[in-house]
Number of protein chains: 2
Amino acid sequence: MATISDVVKLSGLSKTTVSRVINNHPYVSKENREIVLNSIKELGYVPNPSARRLRGQLTTTIGVIIPRIVNPFFSYLVNAIEQAAFKQGYQVLISQSNEDKNKEIAFLNLLKTKQVDGIIMTSIENDWDIIQSYKEYGSILLCNDYVNQDVFPMIRLDQVKGAYLGVRHLIERGHQKIAYCTGGLFDDEGKGKDRNHGFQKALNEAAIKVNPKWIFIDQHTVEDGKRIMKQIVEMDDRPTAIFTGSDQVAGGMIMEAKEQGLTIPDDLAIIGFDDQPIAEILDPKLTTIRQPVDQLGEKSIEVMIEMLKNPDMEIKSYELPIELIVRQST
Amino acid sequence: MATISDVVKLSGLSKTTVSRVINNHPYVSKENREIVLNSIKELGYVPNPSARRLRGQLTTTIGVIIPRIVNPFFSYLVNAIEQAAFKQGYQVLISQSNEDKNKEIAFLNLLKTKQVDGIIMTSIENDWDIIQSYKEYGSILLCNDYVNQDVFPMIRLDQVKGAYLGVRHLIERGHQKIAYCTGGLFDDEGKGKDRNHGFQKALNEAAIKVNPKWIFIDQHTVEDGKRIMKQIVEMDDRPTAIFTGSDQVAGGMIMEAKEQGLTIPDDLAIIGFDDQPIAEILDPKLTTIRQPVDQLGEKSIEVMIEMLKNPDMEIKSYELPIELIVRQST
DNA sequence: TTGTAGGCGTTATCAC
DNA sequence: GTGATAACGCCTACAA
């Protein structure tokens, strides 16, 4: 592989001049710039990123932490991020945290060793102040997650509104007995708190009380959905509608409900979250909350690159619109 | 960030000794090893990968090229690869080729600059001899794709058998009029040739002739499936069964078929490929060909690391089993 | 406008 | 067993 020295030899100029050309610095005569450029082309020279990193330069690599890539929400998000980054000449290094604190830390350490210029975090497992201690080593951006501190730029979706829209829609359809199923907890402060607030807000407006028996927490998969549906079928007092935190779970519910002879939406209305491809594949097609994943990824890269270029940038946050997609399951 | 020099100062030993300890070299006394190890722990020292790379060491990073991450087959594959690599202390750098030759080349160039030790390619866009020219810069492994040359180790699935099993199953169910839908071409040599061979083999055994009107090439998405089903419905002479190259396409077909008032599998049997999560979500549940994605990823990493440790390793290839999963759509 | 020289953090070579 | 020292490829004071 050709190095800068090869270019120096071929061009007959100095390392400095060559380096200046490579980095688009001023103070190089037109003629010399030409000569260097030609030599570079002739040799097929590409600067060695390791040397640059060692020298303390930018890596043009952005890290992305996601819980798991097989979750379509995140694979679509990663796709958007990767495409946007590539356009700007950045590489993307992806890590799955699997919701493991240690893996998250291991990945953040890449900042310390200048392996990545910045990290986009789509979920934070460790406490925010631990994460914050890595800020001095590189840029950190929160995407689709947040902390109640103005320490990181955040690109968010309005989850309160998302849940609110969904639940209000169920109420408008005449439902009063509404179950709630979340991937987080049913706390005011825990994971998924925003959606919980949206849920509560819609119920409060309609003066409906929460039935604790109809609250299901920490549910993520198709299997989870099936299991819950079995439980619901056995209840004496059944809900007439269910708001779920994921299309996957909603999908499982629909399948199991049909298995059990229930008609959707007549016996039970179901609403998902994400608007994943399966939402349109399910029968009946799933009413759900669409999250603008592509925008989320693009905006994240845009802001990240802005941070990289100007590390002292003011910390701003962005909230992207979220919308209700009504199909057949409600 | 602590460097080796910090460890040197704290331990009172030389760089050489410290480096030896870090790299598990012999010729360090037990006592000194202890001292160094303690200093490392105290400082939270981590070797700087950029410096190592520059020095010509391994990067402990493996690149993976996939066509697109939003295809569940590849997101599951990437997941398996990432998990397996992480266990071995390797990072994974993912690139989507989007089936673009240039992007593939751009990624292969990471080998030249020692950004990655090796690359796992899940699809090759450029000619194999171009790819081969990168072999001198690092290890290249073909995963789920192959060339008819013994130049790269390959981890493959037996696609001939996969297609054969599916089509034979349709024939056993009494079908004679079988349509075929592929993500590749219907050539003897082009993309998807193996599945074509499997398809032909099964037909030949039953002395069934191919109807060219029932061959659909370059089909990938749910939308493609819907479109094809519309075409089929309009045909005077309709097939009674369809073998598809993807669960996505099969899913689209099922949806559209139902829309058009067809009953599956009675009016039309449909078989997918991949056994993606939607296969179980579809109604009726989809008969499909299961590809052992996790094994594919694990084996790929296993062989890649073997290659990295022993670059002169004999080039071996592996073929993983593939199986028919019978559900309700046939 | 151009060139020289030093250092980023690491490992390998060689001498002790 | 141990320790100087050079080298990997690059960028940037500083000097000219």
Side-chain angles (χ1 to χ4, degrees), chain A residues 1-37 39-40 43-61 109-117 137-138, chain B residues 1-37 39-40 43-61 89 109-117 137-138 308:
Chain A
M1 195 59 198
T3 76
I4 199 173
S5 304
D6 297 322
V7 180
V8 166
K9 274 179 211 149
L10 185 60
S11 65
L13 293 161
S14 74
K15 261 209 255 188
T16 314
T17 305
V18 173
S19 176
R20 285 211 175 102
V21 172
I22 295 167
N23 297 287
N24 272 316
H25 282 311
Y27 302 120
V28 181
S29 65
K30 288 240 185 260
E31 307 82 54
N32 283 347
R33 187 177 296 276
E34 270 311 304
I35 296 176
V36 172
L37 253 18
S39 307
I40 288 178
L43 292 166
Y45 165 78
V46 185
N48 180 318
S50 299
R52 288 182 147 177
R53 287 172 206 202
L54 186 55
R55 193 61 184 57
Q57 290 304 111
L58 292 185
T59 66
T60 63
T61 300
N109 273 321
L110 297 184
L111 285 174
K112 286 196 183 177
T113 53
K114 284 260 179 296
Q115 298 263 76
V116 295
D117 297 332
Y137 304 111
Chain B
M1 195 59 197
T3 75
I4 198 172
S5 303
D6 297 322
V7 180
V8 166
K9 275 179 210 148
L10 185 60
S11 65
L13 293 161
S14 74
K15 260 204 236 187
T16 314
T17 304
V18 174
S19 177
R20 283 207 177 105
V21 173
I22 296 167
N23 297 286
N24 271 317
H25 282 311
Y27 301 120
V28 180
S29 65
K30 288 238 185 261
E31 307 81 52
N32 283 347
R33 189 178 295 277
E34 270 310 306
I35 296 176
V36 172
L37 254 18
S39 307
I40 288 178
L43 292 165
Y45 164 78
V46 185
N48 181 319
S50 299
R52 288 182 143 176
R53 287 173 206 200
L54 185 55
R55 194 62 185 68
Q57 289 303 110
L58 293 186
T59 66
T60 62
T61 300
N109 274 321
L110 297 184
L111 285 174
K112 287 196 182 176
T113 51
K114 285 259 180 296
Q115 297 262 75
V116 295
D117 296 333
Y137 304 111
L308 260 23

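Naming convention: chains lettered A, B, ... in sequence-line order (proteins, then strands); numbering from 1 in each chain.
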Hydrogens and angles aside, do [X] and [Y] bring a side-chain donor and acceptor to less than 3.5 Å of each other?
X	Y	value
Thr16(A)	Ser19(A)	no
Asn32(B)	Arg20(B)	no
Arg53(B)	Asn48(B)	no

What does [X] touch in the nucleic acid at a heavy-atom separation under 4.0 angstrom: a base, only the sugar-phosphate, or nothing?
X	answer
Thr17(B)	sugar-phosphate
Thr3(A)	sugar-phosphate
Arg20(B)	base
Pro26(A)	nothing
Arg52(A)	sugar-phosphate

[X] vs [N]: side-chain N/O to OP1/OP2 distance below 4.0 Å:
X	N	answer
Asn23(B)	dT11(C)	yes
Ser29(A)	dT2(C)	yes
Asn32(B)	dG1(D)	no
His25(A)	dT1(C)	no

Choose from [options] the nucleotide whose nearest atom is closest to any side-chain atom of [X].
X	options	value
Ser14(B)	dG3(D), dT11(C), dG9(D)	dG3(D)
Ser19(B)	dT2(C), dT11(C), dG6(C)	dT11(C)
Ile4(A)	dT2(C), dG9(D), dT11(C)	dG9(D)

Could you measure the distance from the NZ atom of Lys15(B) to the CD1 atom of Ile4(B)? Nearest 0.5 Å is fine.
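One gets 7.0 Å once the value is rounded to the nearest 0.5 Å.
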Starting at atom [atom1] of [X], determine the distance to atom [atom2] of [N], rounded to an integer number of angstrom.
X	N	atom1	atom2	result
Asn48(B)	dG9(D)	CG	C1'	14 Å
Ile22(B)	dT11(C)	CD1	C1'	10 Å
Leu13(A)	dT4(C)	CG	C1'	15 Å
Arg53(A)	dC8(D)	CZ	C1'	15 Å
Ile35(B)	dG1(D)	CD1	P	15 Å
Leu54(B)	dG7(C)	CG	C1'	12 Å

For a quick check, tell me whether the side chain of Arg55(A) and the base of dC11(D) share a donor-acceptor pair closer than 3.5 Å.
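A donor-acceptor contact between them is present.
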Under 3.5 Å, is there an N or O donor on one side and an acceptor on the other linking the side chain of Thr16(A) and the base of dT4(C)?
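Such a pair exists between side chain and base.
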Have a look at Ser39(B) and tell me which of Val21(B), Leu10(B), Val8(B) forms a side chain to side chain contact (heavy atoms under 4.5 Å, CB included) with it.
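Result for side chain to side chain contact (heavy atoms under 4.5 Å, CB included) with Ser39(B): Leu10(B).
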Name the residue closer to the 5' end of DNA chain C, choosing between Tyr27(A) and Lys15(B) according to the nucleotide with the nearest heavy atom.
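Taking each residue's closest nucleotide, the earlier one in sequence belongs to Tyr27(A).
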Does the side chain of Asp6(B) reach to within under 4.5 Å of the side chain of Lys9(B), using non-hydrogen atoms?
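Asp6(B) vs Lys9(B): side chains touch.
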